[in-house]
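Chain A is the first sequence line, chain B the second, and so forth, proteins listed ahead of strands; every chain is numbered from 1.
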2 protein chains.
Amino acid sequence: MVENLKEEVLRLHAQVCSGLADPNRILIIYSLADGPRNVNDIASKMELPQPTVSRHLKILRERSIVRADRDGQTINYRLADHRIIRALDLLRAALADQLKDQALLATQVNENLVG
Amino acid sequence: MVENLKEEVLRLHAQVCSGLADPNRILIIYSLADGPRNVNDIASKMELPQPTVSRHLKILRERSIVRADRDGQTINYRLADHRIIRALDLLRAALADQLKDQALLATQVNENLVG
DNA sequence: ATACTATATGCATATATGTGATTATATGCA
DNA sequence: TGCATATAATCACATATATGCATATAGTAT
């Protein structure tokens, strides 16, 4: 019973994470970091077809990463929880350090080859 | 040029995130939080076939989420950067709050229906 | 009703997943 | 050096899911 609960939470967890697995969706999330945006704003900013953005927003909605508020004709999307930005920033920091280390390693290898 | 760089980093970022998109991989990551483990340990602990775990580990390796160190006959896997645990915990906290809110909302709706 | 905005659907293509069977790699010992 | 063993990775297959785009539908305001 407890195992099922754990598994369910894990599944949800993974579901949230799968919402982050596309570059366009990460861009959308960051574009919402400053405040709400509607679909067309995001689409024109990202230079993507509107249906494509809409589909990504649907995925983000289903995972409760963003919320939709209708305001007249437009629907504004906003982040459901800004901790997602902090989580992404943590991953970016880790990624940056890793790339830095790889670059350093490449330089050292190159120096060894040259020197 | 700068745009290409940004896109490349985003792609990498999404690649890292896609490594988190499977429940079994999240379990593997958490099972490595306490220290290194080899493939068979993880497989028996998770009750999954060894090739399945090996495949997930390959994905995690390709995304530099885990690193492999050979020690004699066994290969021990460890987390490349523990910030990934912090990022996952942030997402879990956000998810937990959200589930709590939903439960609260459900209770309130129920009270309204009953009372 | 009409124009405008946003969402949903259908299709083709591409990628992910789990599992059993097989192969590869490295170690340990004669 | 050569062989046996333990460990891990890969292959092959079926199934499932994700993606992009074009088109169609639904909802809102004037």
Side-chain angles (χ1 to χ4, degrees), chain A residues 7-8 10-29 31-32 35-80, chain B residues 7-8 10-29 31-32 35-80:
Chain A
E7 197 173 312
E8 188 58 26
L10 269 169
R11 203 174 305 281
L12 280 170
H13 196 175
Q15 200 189 358
V16 170
C17 290
S18 75
L20 311 175
D22 185 280
N24 286 331
R25 285 202 292 273
I26 291 181
L27 273 175
I28 290 175
I29 290 171
S31 78
L32 294 179
R37 296 273 186 285
N38 64 35
V39 177
N40 274 326
D41 284 354
I42 298 170
S44 62
K45 188 177 179 180
M46 293 177 60
E47 294 178 346
L48 283 177
Q50 171 270 321
T52 298
V53 174
S54 183
R55 170 172 289 223
H56 283 304
L57 281 171
K58 180 186 180 183
I59 291 170
L60 293 173
R61 251 186 299 143
E62 287 170 350
R63 286 154 176 73
S64 296
I65 293 173
V66 306
R67 298 204 187 289
D69 310 293
R70 181 175 283 277
D71 175 22
Q73 277 176 321
T74 70
I75 294 181
N76 288 312
Y77 286 90
R78 62 184 167 86
L79 294 181
Chain B
E7 199 172 310
E8 187 58 26
L10 270 170
R11 204 172 304 280
L12 280 170
H13 195 176
Q15 200 190 359
V16 170
C17 289
S18 74
L20 311 175
D22 185 280
N24 286 331
R25 284 203 292 274
I26 291 181
L27 271 175
I28 290 175
I29 290 170
S31 80
L32 294 178
R37 297 273 185 286
N38 65 36
V39 177
N40 276 325
D41 283 353
I42 298 170
S44 61
K45 186 177 180 180
M46 293 177 59
E47 295 178 344
L48 284 176
Q50 172 267 323
T52 297
V53 174
S54 183
R55 172 179 288 229
H56 283 305
L57 281 171
K58 180 187 181 184
I59 291 171
L60 293 173
R61 249 185 300 140
E62 286 169 350
R63 286 153 177 74
S64 295
I65 293 173
V66 305
R67 297 205 188 290
D69 312 292
R70 180 175 284 277
D71 174 24
Q73 279 175 321
T74 72
I75 295 180
N76 289 313
Y77 284 90
R78 59 182 168 88
L79 293 180

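- One atom, CG of L27(A), and another, P of dG20(D), lie 12 Å apart when rounded to the nearest Å.
- Taking a 4.0 Å limit (strictly below) on heavy-atom distances, residues 60-68 of chain A reaches DNA chain C at R61(A).
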Pairs under 3.5 angstrom, nitrogen or oxygen only, protein versus nucleotides 11-15 of chain D, please.
unit_1, atom_1, unit_2, atom_2, d
dA12(D), N6, R55(B), NH2, 3.1

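- Residue pairs meeting the salt bridge (Lys or Arg N to Asp or Glu O under 4.0 Å) criterion with at least one member in residues 64-78 of chain B, sequence neighbours excluded: D69(B)-R78(B).
- The side chain of N24(B) contributes an N or O atom lying less than 4.0 Å from OP1 or OP2 of dG18(C).
- Within residues 36-43 of chain B, no residue has any heavy atom closer than 4.0 Å to DNA chain C.
- Taking only side-chain nitrogens and oxygens, S54(B) never comes nearer than 4.0 Å to OP1 or OP2 of dA8(D).
- Summarising the geometry, the separation between CG on D22(A) and P on dT15(C) is reported as 13 Å, rounded to the nearest angstrom.
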Counting only pairs under 3.5 Å, give me each side-chain donor-acceptor contact of residues 38-48 of chain B, with atom names and distances, residues two or more places apart or in other chains.
unit_1, atom_1, unit_2, atom_2, d
N38(B), OD1, N40(B), N, 3.2
N38(B), OD1, D41(B), N, 2.8
S44(B), OG, N40(B), O, 3.1
S44(B), OG, D41(B), O, 3.1

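- Within the nucleic acid shown, L57(B) has no heavy atom closer than 4.0 Å to any nucleic acid atom.
- In this structure, N76(A) and P36(A) approach most closely via the heavy-atom pair CB-CB, 4.0 Å.
- Looking at residues two or more places apart in sequence or on another chain, you find no side-chain hydrogen bond (donor to acceptor under 3.5 Å, both in side chains) involving R37(A).
- Applying the side-chain hydrogen bond (donor to acceptor under 3.5 Å, both in side chains) rule to S54(B) yields no partners; only residues at least two apart in sequence or on another chain are considered.
- Using a 4.0 Å heavy-atom distance criterion, T74(A) is classed as a sugar-phosphate-only contact.
- Between the P atom of dG27(D) and the CG atom of D69(A) lies a distance of 19 Å, rounded to the nearest Å.
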Tabulate atom names and distances for all N/O pairs under 3.5 angstrom spanning the protein and nucleotides 25-30 of chain C.
none

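- Contact annotation: Y77(B) does not reach the phosphate of dT7(D) (side-chain N/O to OP1 or OP2, under 4.0 Å).
- Of the candidates dG20(D), dG20(C), dA8(D), the closest approach to any side-chain atom of P49(B) belongs to dG20(C).
- Regarding M46(B), its CE atom lies at a distance of 12 Å from the P atom of dT17(C), rounded to whole Å.
- For the atom pair SG of C17(A) and CG of L12(A), the computed distance is 11.0 Å after rounding to the nearest 0.5 Å.
- At least one side-chain nitrogen or oxygen of H56(A) sits closer than 4.0 Å to the OP1 or OP2 atom of dG20(D).
- Within the structure, a side-chain polar atom (N or O) of T52(A) is placed less than 4.0 Å from OP1 or OP2 of dC21(D).
- At a threshold of 4.0 angstrom between heavy atoms, the contacts of L48(A) with the nucleic acid are absent.
- Atom CG of L27(A) is separated from atom NE2 of H56(A) by 10.0 Å, given to the nearest 0.5 angstrom.
- Here CG of N24(B) is found 11.0 Å from CG of L57(B). Values are rounded to the nearest 0.5 Å.
- Taking a pair as Watson-Crick or G-U with both hydrogen-bonding distances under 3.5 Å, the stems of three or more pairs touching DNA chain C are C:1-30 with D:1-30.
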Below 3.5 Å, can you tabulate the donor-acceptor pairs from side chains in residues 59-66 of chain A to any protein atom, sequence neighbours excluded?
unit_1, atom_1, unit_2, atom_2, d
R63(A), NE, Q15(A), O, 2.9
R63(A), NE, S18(A), OG, 3.0
R63(A), NH1, I59(A), O, 3.4
R63(A), NH2, S18(A), OG, 3.2
S64(A), OG, Q98(B), NE2, 3.4

